[in-house]
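Shown next, in structure tokens, is the structure this report addresses.
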Amino acid sequence: MAKIPMLNPIVEMDGDEMTRILWQQIKDELICPFVELNTEYYDLGLRHRDETDDQVTVDAALATQRLGVAVKCATITPNAQRVEEYNLKQMWKSPNATIRAILDGTVFRAPIITSNIAPAVRFWEKPITIARHAYGDVYKASEMAIPGAGRVELVYTAENGETERKLVHEFKGAGLIQGMHNTDASIRAFAHSCFRYALETKQDLWFSTKDTISKTYDQTFKLIFQEIYDRDYKADFEKNGIEYFYTLIDDAVARVIRSKGGFIWALKNYDGDVMSDMVSTAFGSLAMMTSVLVSPSGVYEFEAAHGTVTRHYYRYLKGEETSTNPMATIFAWTGALNKRGELDGNEALCAFAAKLEAACMAAVEEGCVTGDLAALIGPTAKKLTSIEFLRNVRARLEN
Ligand code: NAP
Ligand code: MG
């Protein structure tokens, strides 16, 4: 059978540890036998990031802006222990943070749902997609321990030198303060990404913050979303029969639990961080969670939501066959190939991506799974190693 051609390349960002091993195996077993794979390759493995002074991460992000679609393998975010382990020149920043700073936008995370893994919340029938704002707030905050009694103020100095002050607290003893920020530009980009993604996937969009307590900060998020919705998206939402719905975060949490799923839940940076772990765990496993960064300019970067699975890698290095779940990484590939196909009008490529996903789902639904899912499914499951799972899926694809 002739391989499916790709008219334009996608950006391929290789990564680290166990996911780097899976990356190559997925390409060898499931993609290259069927597709004339066309990628611009960037090695974001920690060693190569160090050799290039992390320039490779910047180049990969710029290539993503140029080509429009990227697929990324999980990568190590160095800490002190990694600096020693890899003898690094410095503690490089998180590649995801570097890429997000260049592309801007929103991270959408959705669970892969199968019939034989029941969500912990029995009402949930469809995926809940978390849309996490990926800029600012507590992730870019300045913090200070206050040693003793004294006054803390916020001071804004305008370019013309005028200042505005606001009392934070009159301390009577030791304490803590934190100063965080966001920008209107980033909040607007977040809103546009969410509205576009809702239209593209034809799902309702929910957004929640704590605007009753945070009357300037969270309230501004709410007002910007409403303004952009009314001006740019309301008509299209109505035409597509979907709705935009704002509610206080406490109310949203209660409604999410009672819902059937099937919507996008937009959240500020911290809320999205926490809620995506809660939602993914309730749906079964981090290894069954897809993740895509959508920039306001409409560029897509697909990845798995989990990390490099270090514990399995160390076992792999000792010569053990591991049973690491490749589903989320395969779905990162299918997401990217499908998006490339859509943009290029390459129906065969889109159809291949759909078939590969269906083959993976069939394997899992018949209980042919890696160890993490075998534990969830119970005694009917047949536990496979990673490579056995990939070959099982390949056999299904070939049929
Ligand atoms: P992790 O790689 O997500 O793994 C944590 C644990 O979750 C694993 O030990 C494993 O549990 C389970 N797990 C995760 N993915 C799995 C899969 N595909 N199949 C089976 N089990 C899976 O998180 P981590 O150990 O905290 O981080 C490892 C490295 O990844 C760190 O250097 C971190 O910086 C990096 N990281 C990268 C990204 C990214 O690139 N997007 C995200 C997060 C973390 P058991 O050991 O119990 O089987
Ligand atoms: Mg988290």
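As the structure lists them, so they are numbered: ligands from 1, and atoms in each ligand from 1.
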Check: For ligand 1, is there an N or O atom under 3.5 Å from any N or O atom of I76?
Finding: no
Item checked: Cation-pi check, R188 onto F221 ring (under 6.0 Å, within 45° of axis) -> no
Next item on the list: Ignoring hydrogens and angles, state whether a donor on the side chain of S94 or N96 is under 3.5 Å from an acceptor on the partner side chain.
Entry: no
Next item on the list: Write down the atom of L337, the atom of L349, and the distance for their closest heavy-atom approach.
Entry: O-CD2, 3.5 Å
Notebook entry, point to check: Among all protein non-hydrogen atoms, which one is nearest to atom 8 (C) of ligand 1, and what is the separation to 0.1 Å?
Noted result: V309 CG1, 3.9 Å
Check: Should A304 be counted as touching ligand 1, given the test is an N or O pair under 3.5 Å?
Finding: no
Notebook entry, point to check: Can an N or O of T308 be found at a distance shorter than 3.5 Å from an N or O of ligand 1?
Noted result: yes
Note to self: Please check whether T77 reaches ligand 1 - meaning an N/O of the residue sits under 3.5 Å from an N/O of the ligand, judged on distance alone.
What the structure shows: yes
Notebook entry, point to check: When clusters are formed by joining ILVMFWY residues with side-chain heavy atoms under 4.5 Å apart, either directly or through shared neighbours, do L293 and V71 land in the same one?
Noted result: no
Item checked: Ligand-residue contact atoms, ligand 1 with E303, heavy atoms, under 4.0 Å -> 41 (N)
Note to self: If you scan the protein for heavy atoms around atom 41 (N) of ligand 1, do you find one that is closer than 4.0 Å?
What the structure shows: yes
Margin query: I need the single residue from Y197, F190, F302, W265 that forms a ring-ring contact (aromatic ring centres under 6.0 Å, His included) with F108. Which is it?
Written below: Y197
Checklist line | Is_contact(atom 26 (O) of ligand 1), protein non-hydrogen, under 4.0 Å | finding: no
Check: Do N338 and T334 have a side chain donor and acceptor closer than 3.5 Å?
Finding: no
Next item on the list: Give the contacting part of N96 toward ligand 1: side chain, backbone, both or neither, where contact means a heavy-atom distance below 4.0 Å.
Entry: side chain
Check: What do you reckon, does K72 put a non-hydrogen atom under 4.0 Å from ligand 1?
Finding: yes
Item checked: Shortest protein heavy-atom distance from atom 45 (P) of ligand 1, along with the residue and atom involved -> R311 NH2, 3.3 Å
Margin query: Quick check on contacts: which atoms of ligand 1 are under 4.0 angstrom from a heavy atom of T324?
Written below: 17 (C), 18 (N), 19 (N)
Next item on the list: Kindly give the heavy-atom pair with the smallest separation between I257 and F123, and that separation in Å.
Entry: O-CD1, 3.3 Å
Note to self: Quick check on atom 3 (O) of ligand 1 - does any protein heavy atom sit closer than 4.0 Å to it?
What the structure shows: yes
Check: Do the ring centers of Y246 and Y229 come within less than 6.0 Å of each other?
Finding: no
Note to self: When you group the ILVMFWY residues by side-chain heavy-atom contacts below 4.5 Å and let the links chain together, are F245 and Y233 in the same group?
What the structure shows: no
Next item on the list: Indicate whether the side chain of D104 and that of Y135 have a donor and an acceptor atom separated by less than 3.5 Å.
Entry: no
Notebook entry, point to check: Which residue from H306, M288, M327, R82 reaches closest to atom 32 (O) of ligand 1 through any of its heavy atoms?
Noted result: R82
Checklist line | atom 19 (N) of ligand 1: the protein heavy-atom neighbour that sits closest, reported with distance to 0.1 Å | finding: N325 N, 2.9 Å
Check: With a 4.0 Å cut-off, strictly under, does atom 29 (C) of ligand 1 pick up any protein heavy atom?
Finding: yes
Check: Any non-hydrogen protein atom below 4.0 Å of atom 12 (C) of ligand 1?
Finding: no
Check: Considering only heavy atoms of G307, which atoms of ligand 1 have at least one such atom less than 4.0 Å away?
Finding: 1 (P), 2 (O), 3 (O), 30 (O), 36 (N), 37 (C), 38 (C), 42 (C), 43 (C), 44 (C)
Checklist line | Contact atoms of ligand 1, heavy-atom distance to T310 under 4.0 Å | finding: 28 (C), 29 (C)
Check: Without hydrogens or angle criteria, can the side chains of N8 and N38 be said to hold a donor-acceptor pair below 3.5 Å?
Finding: no
Next item on the list: Looking only at non-hydrogen atoms, find the nearest pair between G45 and D16 and report the distance.
Entry: CA-OD1, 3.3 Å
Notebook entry, point to check: Ignoring hydrogens and geometry, is there a side-chain-to-backbone donor-acceptor pair from S386 to T324 under 3.5 Å?
Noted result: yes
Notebook entry, point to check: Numbering the atoms of ligand 1 from 1, which are under 4.0 Å from a heavy atom of A74?
Noted result: 40 (O)
Item checked: Minimum-distance protein heavy atom relative to atom 37 (C) of ligand 1 -> T75 O, 3.0 Å
